[in-house]
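I have placed the structure first, in the form of structure tokens, so that the comments after it can refer back to it.
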Protein chains: 2
Amino acid sequence: MSRSVNAREKLLDAAVRLVRAKGFAATTVEDLCGAAGVTKGAFFHHFPSKEALGVAAAGHWSAKTGALFATAPYQQVEDPLERLLAYLQFRRDILGGELCEFTCLAGTMLQEVYAEHPAIAAACHESIASHAATLEPMISAAMQARGLDPGGSSTGWTASGLALHSQVVLQGAFILAKGSGGPAIARDSIDHLVRYIRLLFAAVNASPHSSP
Amino acid sequence: MSRSVNAREKLLDAAVRLVRAKGFAATTVEDLCGAAGVTKGAFFHHFPSKEALGVAAAGHWSAKTGALFATAPYQQVEDPLERLLAYLQFRRDILGGELCEFTCLAGTMLQEVYAEHPAIAAACHESIASHAATLEPMISAAMQARGLDPGGSSTGWTASGLALHSQVVLQGAFILAKGSGGPAIARDSIDHLVRYIRLLFAAVNASPHSSP
DNA sequence: ATTGACATACCAACCGGTTGGTATCAATGA
DNA sequence: TCATTGATACCAACCGGTTGGTATGTCAAT
């Protein structure tokens with residue numbers, strides 16, 4: 001243990017940075033080592049393969065983003081629906097700087113390696129799904145507060161489904177942002193999502209019923 | 001010209017298939033040649049580089065999907081809003097079979113290569129943007145039919161913005177589908193998008209303006 | 001005989017992974 | 001106290017298969 005938990009940590013940080021910027025396949029082991037300031041020997045000491053690093057990087061990403069969201073200001077908002085909307089506003093606010101600085105490692109890797117490296121894909125999916133799960137309590141509470149059935153039998157949608165839909169919008173927004181070279185489209189899409197959620201909860205407030 | 005427009009076309013078809021399944025970097029030139037039943041000589045006769053094939057494949061994809069959508073049944077729907085919703089239903093209906101059969105080549109490649117191969121990324125973006133543009137007339141017409149301002153100054157959103165948002169949802173849905181191993185999440189997200197659009201147009205319908 | 005459409009054979013660079021070794025430290029025991 | 005042991009962390013050099021790309025040849029049609 002002694003001197004370096006460093007090398008492993010530095011490799012994971014480098015992986016998050018480089019893979020977000022260049023993709024998994026285009027990032028070579030030597031790229032990683034160079035960015036982390038270690039040698040290839042260190043790499044294969046800590047990870048049995050490049051694929052294993054990919055899996056670990058997804059976990060590292062989960063931990064980092066988990067900490068970011070756990071301490072984000074939106075968590076302090078009392079009302080569940082407003083907290084959810086504040087979460088989306090927070091997601092909107094952090095869309096800045098270079099593309100590779102605000103896009104999602106998990107979504108990027110998942111899309112690229114889902115067929116070739118199922119283990120990495122599973123780790124990425126877990127990262128996205130567990131983040132989505134943190135939204136469910138807000139949505140369920142908001143539904144209950146407005147007399148909606150969180151199970152979905154009366155609304156046609158569920159708390160977990162809406163939570164995943166939010167992630168769908170965010171992931172899709174990152175793709176279009178990469179295409180257009182900036183976050184403007186992503187902001188616009190988050191605005192649409194916010195508008196949707198407002199309408200969802202407002203609509204049922206106004207009328208006792210709704211179904212497809 | 002003579003004997004084979006074949007090789008080039010077969011290589012492009014193979015590229016659409018393989019790149020969707022394995023990603024651009026993971027698909028080797030020899031994979032492509034093998035799948036197309038030609039040799040490497042033919043490959044580099046028709047394309048100066050692998051990157052050039054990527055660009056051409058994006059164009060090929062645009063042409064193929066363009067034809068698919070141009071002849072799709074939803075085009076026959078009279079009412080613009082209903083036509084838009086029928087389009088989304090059509091997108092929902094074609095989510096079947098293997099993942100790589102219904103996901104979008106443009107979105108997959110764009111996400112993977114946007115930094116390393118800007119030319120490919122631009123072609124992919126063009127593919128997505130031009131498809132989104134086919135939705136704009138429906139949205140604008142639907143807005144006008146309901147007395148909305150298609151420019152967005154009164155609604156906070158525009159026809160082109162909503163068209164792009166639809167693509168955002170679809171692209172994001174493909175990512176989550178790859179993560180969960182099936183199209184269920186994607187269907188659910190399209191349902192949310194349909195519900196959003198219904199609410200969007202219904203909400204303004206209910207307010208002081210026009211009625212059918 | 002020239003050109004376009006391929007095929008065959010080949011190469012140099014690259015890349016993931018291995019090997020064999022060194023530095024450091026903690027625990028052990030004489 | 002200090003040599004020994006063993007385990008961990010790391011380094012430098014190397015290896016062999018793969019990959020994008022090339023050089024050269026063939027053949028049919030103009």
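Letters A, B, ... are given to chains in the order of the sequence lines, protein chains preceding strands, and every chain is numbered from 1.
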Starting at [atom1] of [X] and ending at [atom2] of [N], how long is that distance when rounded to a whole Å?
X	N	atom1	atom2	result
A/His46	C/dG17	NE2	C1'	16 Å
B/Phe43	D/dG20	CZ	P	8 Å
B/Asp31	D/dT18	CG	C1'	11 Å
B/Phe47	D/dG21	CZ	P	13 Å
B/Leu53	D/dT19	CG	C1'	15 Å
A/Leu32	C/dC14	CG	C1'	16 Å
B/Glu9	C/dA5	CD	P	14 Å
A/Phe44	D/dC15	CZ	C1'	13 Å

Which nucleotide, [options], lies nearest any side-chain atom of [X]?
X	options	value
A/Lys40	D/dG21, C/dA7, C/dG17	C/dG17
B/His45	D/dT8, C/dA5, D/dG20	C/dA5
A/Ala42	D/dC11, C/dG17, C/dA7	D/dC11
B/Lys50	D/dG21, C/dG17, D/dA9	D/dG21

Between [X] and [Y], which heavy-atom pair has the shortest distance, and what is it?
X	Y	value
B/Cys33	B/Phe43	SG-CB, 3.7 Å
B/Ala142	B/Pro80	N-CB, 3.8 Å
B/Ile139	B/Phe201	O-CZ, 4.4 Å

Identify the residue among B/Arg91, B/Gln89, B/Arg83 that makes a side-chain hydrogen bond (donor to acceptor under 3.5 Å, both in side chains) with B/Tyr87. B/Arg91
Heavy atoms, side chains only, cut-off 4.5 Å: are A/Lys178 and B/His125 in contact? no
Toward the 5' end of DNA chain C, by each residue's nearest nucleotide, A/Ala26 or B/Gly37: B/Gly37
Would you mind classifying the nucleic acid contact of B/Thr39 as base, sugar-phosphate or nothing, using non-hydrogen atoms under 4.0 angstrom? base
Using the closest heavy atom to pick a nucleotide of DNA chain D for each, name whichever of A/Gly41 or A/Glu30 lands nearer the 5' end. A/Gly41
